[in-house]
Trainee: 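Encoded as structure tokens, here's the structure I'll be asking about.
Remember, predicted model here, so these are calculated numbers, not experimental data. In what follows, every chain begins at residue 1, and chains take the letters A, B, ... in the order their sequences are listed.
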Amino acid sequence: MLMSEYYPTKIEKKWLEEWEKNKAFKTYDDSNKPKYYALSMFPYPSGKLHMGHVRNYTITDVIARFKKSNGFNVLHPMGWDSFGLPAENAAIQHGANPAEWTDKNISYMKKQLKMLGLSVDWDREVATCKEDYYKWTQWLFLQLYKKGLAYKKGAAVNWCEKCATVLANEQVIDGKCWRCDSDVTKKNLEQWFLKITDYAEVLLEDLDKLEGWGDNVKTMQANWIGKSTGTILKFKVKEFEDKGGLEIPVFTTRPDTAFGITYLVVAPEYPDIEKLTTPENKETVEQYRENARKMSEIERLSTERIKTGTPLGTHIINPFTGRICPIWVADYAIVDYGTGAVMAVPAHDERDFDFAKKYNLPIIQVIDGEGYTPDKAYTEPGTLVNSGEFNGINNEEAKAKITQYAEKQGFGHSKTQYRLRDWLISRQRYWGAPIPVVYCEKCGCQPVNEEDLPVKLPTDVDFSIQGMSPVKTSKTFESTVCPVCGSPARRETDTMDTFMCSSWYYMRYADAKNDKEAFNKDLVNKWLPVDQYVGGIEHAILHLLYSRFFTKALRDIGLLDFDEPFKNLLTQGMVLKDGSKMSKSKGNTVDPDEIFANYGADTARLFIISDSPPARDFDWSDAGVEGCYKFLCRVYRLYSKYQDLITLDYKIPEKLDSKSDRLLREVHISIKKITNDIENEFQFNTVVSRYRELTNAIYDYVKDEKDIEANVLSFALISLIKLLSPVAVYMSEEIYSELAQKSSKKVSIHELDWPKYEESLAKLNNVTLIVQVNGKIRDKIETTNNQSNDDLTKLALDSDKIKQAIEGKTVVKTIVVPNKLVNIVVK
RNA sequence: GCUCCAGUGGUGGAAUCGGUAGACACGUUGGACUUAAAAUCCAAUGAGGGUCAAACCUCGUACCAGUUCAAGUCUGGUCUGGAGCACCA
């Protein structure tokens, strides 16, 4: 017997235990059903779930359950992105052991996730900080190293003082650290990089294949990769003509303006800059470079900054014109983009124009077009002037011609340039996977032998020493022997960026327990690519770009056969409260535990998907939760009240009265709409609306108790509870199991197939015909379905209101939309 | 500056192919039940006009044009907001 009222906590506790006992959500690799891989971005075990997690995992879980009911063998795993700084900070601040701290958080959050009712196969759980996982992260690093995709170099890298470590370009947001928000400075260090730039072109090109990704994410990645096609032009330095020669190459997207070059700019960090500086200018140039270095550390962000620079004293010869042009150093040139040197054409580039005006450098027009004025840089298309044999040519055409000319003469060629830089993966921190290499005095840098993996994190470390990696404080870790010659060697103490760990976790789920390989090739090919990935937009570049790179690199190494990891991507919006992001400092957080305790997980799940489409931000409101809770109570009461009438073995009679016929159709309409809305972009908000509409229709039906047809009511209620089952996972199970008590069908509702609708019944018998005159609605007529166009026109013209509206006018034509509308055009 | 996304009642948001704008909720107001409250149920709820009350009329999807019998939806332009990139040559 169902209780008369809905008591969620009681029901939820009962079924949680039952499911756990039965391993209800176990996924098997061998199944003849088609596979479906539903994945949420795995959480960092910070201590407690927040509402963003609840939203993310509920969305994925509803999808997973829906697909399972629709005949798929569904993989829906979960794990922990468990390396990272917070664990280490806990160690520094209150002496916690990072491993224990992390384990404690994982076990608490795991309990919460189970409470949320996720259909996760916990046997495939992974945690990136465990040896059985990071062993394979290290192994993958070695494969990348052997393929030449991991290398070490000295470079000016991003340094976060507060985190005391370097950062990848992608982790610097507006000049600040992505994690702690403090200023990032530059530091010259020897660091490990992954050659993501080798994949720049294919990472860009393959974005087109990703039809299941939003344009916003794709353009963000495209912008980040930043492809531009142009030309390299090499300029001879006049002062070195007698001294063996020196060339400065520049990259330009505007070779068509080459005749207008009046000076050349190099970045303050340009390698040859000292050679290029004459003794008279040495002091001013040194000073300028010193200032630029400081400037870039303090305020590199100001775009409105007035451009500054100083001449080096040397000159280049423009090979097109023979003109001698001075070389300047200016910080508007960036050392690691293009060649670090820029040809300046003030007449046709705004930056060059401002600079030339300020320092009185010549300006030569070489493009003419409508709106040209000498008062500002003309950057529009036009025709070449002052450009010798190229005069009169359209500038777009001239780009190719001038590049060809330069190539023939041997001082240039076309070039594709990317903004993407190699991925810096070394971190001077403790809580990460150690980079598995050693440094031998004789043999140099050598990879650790694969059979010696994992290189375990030392435990004899001191977190209290500031300014150095805790790994270095270990007495045992650093000293080792060379894997090649056996002589004493020093172990690398840097650990890997945690984004390395998260770049392949979704592959490990396919074969999580494998202790021989990172994953079995067949299994990873079977389950991947991920059919639906769900997570926050904040990873649009970072994690999603790195994972795409990893997949392509591992494919090239031969570890797998697909080239994109995530077929469909849903970036869910943030959970807000009172219009702003939930945060502890604002004090507007909502604790999932409290919601579970007060309303139950089903209410939390229903509410979090109800009001906004998944991609949009979602404003949490207490009244909204209350509303969802009341709705579930309302649904529950329906079953509790009519449980004696409901039968699982219902049979819809041939003949129905209009009331029952109407309900029957409402159910079919609901099945159709809900199914379509989930399949089409996961519009859960309208799914929830339809739940309510169907519930209202059933309440309407039972209002007058004497005309109830028990079979139709059973059909309606059993359909409703199955439609609700991906969302209200506990309540639907409870209700169904009680209903099943009296029938032979004792099976979990979550094992039932998704309801089917009949197209012929998924529409109402009657339609409201809209009658327009000249596009304005003049009448609405209730009539039957499927009438001919002529009949509908006749019906429309018979209406008194229409007669009145067209009186004295001639009908020019009539337009009929079957079952919907008649538009009469009159003059 | 460039790129992408969005703009609909008091609020969240609906609206397959261009075909009833505002579904479903939240909120508000009124009513029923109750000694009272909660819960529940019923009704009204875009703006303006009109009427004793209705019927009914006009306007209305950021703004301005256009295409069309018909535009929230398509096209061009403008404005506003959000996101990302940004001295990228």
Trainee: Going by the glycosidic torsion and a 90 degree boundary from 0, is the base of B/C63 oriented syn or anti?
Mentor: anti
Trainee: How far does the C1' atom of B/A25 sit from the matching atom of B/C2, given to the nearest Å?
Mentor: 40 Å
Trainee: Less than 3.5 Å apart, any donor N or O on the side chain of A/E782 or A/T768 sitting next to an acceptor on the other?
Mentor: yes
Trainee: Less than 4.0 Å between a side-chain N and a carboxylate O, is that true for A/E666 and A/R690?
Mentor: yes
Trainee: State whether a side-chain donor-acceptor pair under 3.5 Å links A/N785 with A/N766.
Mentor: no
Trainee: Find the distance A/R778:CZ to B/C56:P and express it as a whole number of Å.
Mentor: 11 Å
Trainee: Using atom P in both nucleotides, what's the gap between B/G31 and B/G49 to the nearest angstrom?
Mentor: 25 Å
Trainee: Only pairs with both distances under 3.5 Å count, Watson-Crick or wobble alike; so what is the partner of B/G76 in this structure?
Mentor: B/C64
Trainee: Grab the CD1-P distance between A/I334 and B/C87 for me, whole Å please.
Mentor: 5 Å
Trainee: Expressed as a whole number of angstroms, how long is the span from A/L207:CG to B/C4:P?
Mentor: 14 Å
Trainee: Once hydrogens and angles are ignored, does a donor-acceptor distance under 3.5 Å link the base of B/C4 to the side chain of A/N216?
Mentor: no
Trainee: State the pairing partner of B/A47; accept Watson-Crick or G-U wobble contacts with both distances under 3.5 Å, and report none otherwise.
Mentor: B/U58
Trainee: Determine whether any donor atom in the side chain of A/Q772 lies under 3.5 Å from an acceptor atom in the base of B/G19, or the reverse, and answer yes or no.
Mentor: yes
Trainee: Mind checking the P distance from B/U11 to B/C4? Whole angstroms is fine.
Mentor: 30 Å
Trainee: Determine whether the side chains of A/Y332 and A/D352 contain a donor N or O and an acceptor N or O closer than 3.5 Å.
Mentor: yes
Trainee: Any carboxylate oxygen within less than 4.0 angstrom of a Lys/Arg side-chain nitrogen, looking at A/D619 and A/K577?
Mentor: no
Trainee: Sticking with atom P, work out how far B/C74 lies from B/U20, rounded to a whole angstrom.
Mentor: 15 Å
Trainee: Rounded to whole angstrom, note down the P distance from B/G7 over to B/C63.
Mentor: 13 Å
Trainee: Between atom NZ in A/K307 and atom P in B/G1, what is the gap in whole Å?
Mentor: 14 Å
Trainee: Please evaluate the base of B/C69 for a donor-acceptor partner in the side chain of A/K813 within a cut-off of under 3.5 Å?
Mentor: no
Trainee: Taking the C1' atom of each, how far is B/A83 from B/U28, in whole Å?
Mentor: 35 Å
Trainee: Examine the side chains of A/R634 and A/N696 and answer whether a donor and an acceptor come within less than 3.5 Å of each other.
Mentor: yes
Trainee: Glycosidic conformation of B/G9, syn or anti, with 90° from 0 as the boundary?
Mentor: syn
Trainee: Whether A/Y691 contacts B/C24 is assessed here as follows: a side-chain N or O lying under 4.0 Å from the phosphate OP1 or OP2. Is that the case?
Mentor: no
Trainee: Applying the Watson-Crick and G-U wobble criteria at under 3.5 Å, what pairs with B/C85? Answer none if nothing qualifies.
Mentor: B/G1
Trainee: Let me know the distance between CG of A/L569 and C1' of B/C5, rounded to the nearest Å.
Mentor: 15 Å
Trainee: Rounding to an integer number of Å, can you tell me how far A/I609 CD1 sits from B/G12 C1'?
Mentor: 15 Å
Trainee: Could you tell me how far apart A/K809 (NZ) and B/C69 (C1') are, to the nearest whole angstrom?
Mentor: 15 Å
Trainee: Round to a whole Å and report the spacing from CD of A/E350 to C1' of B/C88.
Mentor: 15 Å
Trainee: Rounding to the closest angstrom, what is the interatomic distance between B/G27 and B/A39 at atom P?
Mentor: 10 Å
Trainee: Only pairs with both distances under 3.5 Å count, Watson-Crick or wobble alike; so what is the partner of B/C17 in this structure?
Mentor: none
Trainee: From the options B/C85, B/A25, B/A14, select the nucleotide whose nearest atom is closest to the side chain of A/R419.
Mentor: B/C85
Trainee: If you measure from the P atom in B/G9 to the same atom in B/G66, how many Å do you get, rounded?
Mentor: 25 Å
